[in-house]
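Throughout, a chain's letter reflects where its sequence line sits, starting with A, and its residues are numbered from 1.
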Amino acid sequence: KNEVEQSPQNLTAQEGEFITINCSYSVGISALHWLQQHPGGGIVSLFMLSSGKKKHGRLIATINIQEKHSSLHITASHPRDSAVYICAVGTGTASKLTFGTGTRLQVTL
Amino acid sequence: DAGVIQSPRHEVTEMGQEVTLRCKPISGHDYLFWYRQTMMRGLELLIYFNNNVPIDDSGMPEDRFSAKMPNASFSTLKIQPSEPRDSAVYFCASSWTRSPLHFGNGTRLTVT
């Protein structure tokens, strides 16, 4: 069993839809990261959180430490949101991350 | 800041050749990480450094892989000899302690 599980693996949505991507993990963590990777592109850190909720523009990330679960929400989705979203958990003081397998999101017009 | 800079962007080489990937982290960051990404295994940590010292190299696949960080502004990942199964995208990332990672654009390695 992977330490970090994401769902769904693939997601197709129409522009404007509200999107939720889920991440569950099985180990104690110091922080959870959400990353974004566009096709053929680099990786961008969206959020790093250890409790509660963070918001940046149309993106919202939440984490429930007791349930070992995090969600990434995208409000009013847009085709430019099409990317792979990766959940990763870090332990200790370093950002030594264990990655989920990613969720491939496609937003269509 | 220019961000994390990796070179080359693409590398095509023949099996058995030596490959050297380079990384310049963001100035002031005290952690540097090397990751490998493949379709089959996703992202995997190979090795990371703290203040130029290797801390954990348990992800390095075998002795053919080596990494150095001679100073705070430069790191290399070397594969010698290279094999087709080493084909992947190699990412370098840097960060401060307990801070988000900043990734380079990656080096796409193809070993034929």
Relative to chain A, which segment of Q6(B) carries a heavy atom at a distance below 4.5 Å: side chain, backbone, both, or neither?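 Neither part.
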
Answer with side chain, backbone, both or neither: which region of D56(B) has an atom nearer than 4.5 Å to a non-hydrogen atom of chain A?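 D56(B) touches chain A through side-chain heavy atoms alone.
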
Side-chain heavy atoms of L43(B) within contact of I43(A), under 4.5 Å: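 Yes. Closest side-chain heavy atoms under 4.5 Å.
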
Among the clusters formed by ILVMFWY side chains lying less than 4.5 Å apart, do Y35(B) and I86(A) turn up in the same one?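 Linked within one cluster.
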
Linked, directly or transitively: I19(A) and L46(A) (ILVMFWY side chains, under 4.5 Å):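 The answer is yes; both residues are in one hydrophobic cluster.
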
For residues 49-67 of chain A, dump all side-chain donor-acceptor pairs below 3.5 Å to protein atoms at least two apart in sequence or in another chain.
from: K54(A); atom 1: NZ; to: M48(A); atom 2: O; distance (Å): 2.7
from: K55(A); atom 1: NZ; to: G57(A); atom 2: O; distance (Å): 3.0
from: R58(A); atom 1: NH1; to: T75(A); atom 2: O; distance (Å): 3.1
from: R58(A); atom 1: NH1; to: A76(A); atom 2: O; distance (Å): 3.1
from: R58(A); atom 1: NH1; to: D81(A); atom 2: OD2; distance (Å): 2.8
from: R58(A); atom 1: NH2; to: D81(A); atom 2: OD1; distance (Å): 2.9
from: R58(A); atom 1: NH2; to: D81(A); atom 2: OD2; distance (Å): 3.3
from: N64(A); atom 1: OD1; to: Q66(A); atom 2: N; distance (Å): 3.1
from: N64(A); atom 1: OD1; to: E67(A); atom 2: N; distance (Å): 2.9

What heavy-atom pair brings L101(B) and S45(A) nearest, and what distance separates the two atoms?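 Closest approach of L101(B) to S45(A), heavy atoms only: O-CB, 3.5 Å.
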
Distance (rounded to the nearest 0.5 Å) between E44(B) CD and T98(A) OG1: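 Reported value, rounded in 0.5 Å steps: 11.0 Å.
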
Scan for ring pair (Phe, Tyr, Trp, His ring centres under 6.0 Å) pairs involving residues 54-95 of chain B, sequence neighbours excluded, and state none if there are none.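 Residue pairs passing ring pair (Phe, Tyr, Trp, His ring centres under 6.0 Å), neighbours aside: none found.
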
Heavy-atom count check: over 12 atoms from other residues, nucleotides or ligands less than 6.0 Å from R108(B) CZ?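 Incorrect, the count does not exceed 12.
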
Between L35(A) and chain B, which part of the residue has a heavy atom less than 4.5 Å away: side chain, backbone, both or neither?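 The side chain, not the backbone.
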
